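Because the structure is a prediction, the values reported are computed rather than measured.
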Amino acid sequence: MNARALVAWNVRRIRVDRGIPQERLAYDAGIDRSYLGGIEQQKENPSILLDRIAMTLGIHLSELFAEPARGAAPPKPMSRGRKPAHPCRDRT
């Protein structure tokens, strides 16, 4: 598995395991949501943002390079139900 595919796999796996919507991770990491989506789809090069993503997920950078177990199913996307409120939206 190449580095871009490995990072894409692990970002999505960790994000979904923790129940963090893509929009929330992107906001907290200070990057555009569509760019984060591109990272997860292997369309964008994440190299300069890896430290921000790892810090926001609360993991060591090396976790983004962990090899999946042989035959492991790809991480599934999160369900499309209700998402946590966006911190910038006023709920009054």
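Taken to the nearest 0.5 Å, the CG atom of L36 stands 9.5 Å off from the CD atom of Q41. With rounding to the nearest 0.5 Å, the separation of CD in E23 from CG in D28 is 10.5 Å. Distance check: N45 CG to Y35 OH gives 6.0 Å after rounding to the nearest 0.5 Å. Considering CD of E63 and CZ of R13, their distance stands at 7.0 Å, rounded to 0.5 Å.
A donor and an acceptor atom, one from each side chain of R33 and Q22, are located under 3.5 Å apart.
Contact check for N10 versus I59: no side-chain heavy atoms found under the 4.5 Å cut-off. Side-chain contact between I31 and I53 is present, with heavy atoms from C-beta onward closer than 4.5 Å. Within the 4.5 Å cutoff, side-chain heavy atoms of F65 are placed close to those of L50. Between P68 and L6 the shortest side-chain heavy-atom distance falls below 4.5 Å.
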For this session: Start with the C-alpha gap between R15 and E40, add the side-chain angles, then the distance that decides, and say whether salt bridge (charged side-chain N to carboxylate O under 4.0 Å, His left out) holds.
Result: CA-CA 10 Å; R15 181 181 63 75; E40 289 187 2; 2.6 Å; yes
For this session: Would you please test T56 and I20 for side chain to side chain contact (heavy atoms under 4.5 Å, CB included) and show each step?
Result: CA-CA 11 Å; T56 304; I20 302 170; over 6 Å; no
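Minimum heavy-atom separation, I39 to A8: O-CB, 3.2 Å. Of all non-hydrogen atoms in Q42 and A5, the two that sit nearest each other are OE1-CB, 3.4 Å.
Hydrophobic clustering of Ile, Leu, Val, Met, Phe, Trp and Tyr side chains at less than 4.5 Å, counting indirect connections, keeps M55 apart from L64.
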